[in-house]
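Structure first, then comments.
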Amino acid sequence: MPTTKTAKKELRKTKRQTEVNRRNRTRLRSAIKKLRALIAAGESEKARALWPEVMSVIDTSAKKGVIHHRTAARQKSRLSAALARPTKAA
């Protein structure tokens with residue numbers, strides 16, 4: 001446990017920031033899962049409608065430092081490729 005006044009303050013700050021990062025990471029993962037589920041289900045129209053929102057969440061997460069900017073680029077690229085892939089006829 002921290003003993004100095006500044007160490008105690010840093011611990012409080014870290015706890016607050018960890019909670020913010022956790023919320024942002026959860027929002028990011030949920031958005032990606034929702035888009036992947038729509039793509040897998042073959043609902044391309046709904047997926048295309050959700051696309052801008054998911055890209056915004058990914059960009060925001062990268063900007064806030066929740067994920068690395070290259071990780072964001074990779075995720076966007078893979079989701080874009082998955083969305084562009086033709087769906088299999090059932």
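Only this structure's heavy atoms are used, side chains among them; waters, hydrogens and symmetry mates stay out.
Within the 4.5 Å cutoff, the side chain of Leu11 has no heavy atoms near those of the Lys8 side chain. In this structure, Ile58 and Ile32 have side chains that are in contact, with non-hydrogen atoms separated by less than 4.5 Å.
In this structure, the side chain of Thr14 engages the main chain of Glu10 through a donor-acceptor pair within 3.5 Å.
Residue pairs meeting the side chain to side chain donor-acceptor pair (under 3.5 Å) criterion with at least one partner in residues 22-34, sequence neighbours excluded, are Glu19-Arg22.
Atom CG of residue Leu38 and atom CZ of residue Arg48 lie 12.0 Å apart, to the nearest 0.5 angstrom. Separating the CD1 atom in Ile39 from the CG atom in Leu83 is a distance of 5.0 Å, to the nearest 0.5 Å.
Applying the side-chain contact (heavy atoms from CB on, under 4.5 Å) criterion to Ala40, with sequence neighbours excluded, gives no partner residue. Residues that satisfy the side-chain contact (heavy atoms from CB on, under 4.5 Å) test with Lys9, not counting sequence neighbours, are Arg12, Lys13. Residues meeting the side-chain contact (heavy atoms from CB on, under 4.5 Å) test with Thr4, sequence neighbours left out: Thr6, Ala7. Taking Gln17 as the reference, Val20, Asn21 meet the side-chain contact (heavy atoms from CB on, under 4.5 Å) condition, with sequence neighbours excluded.
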Please table the atom pairs, donor to acceptor, closer than 3.5 Å between any side-chain atom in residues 62-81 and protein atoms at least two apart or in another chain.
unit_1, atom_1, unit_2, atom_2, d
His68, ND1, Arg70, N, 3.1
Lys76, NZ, Asp59, OD1, 2.8

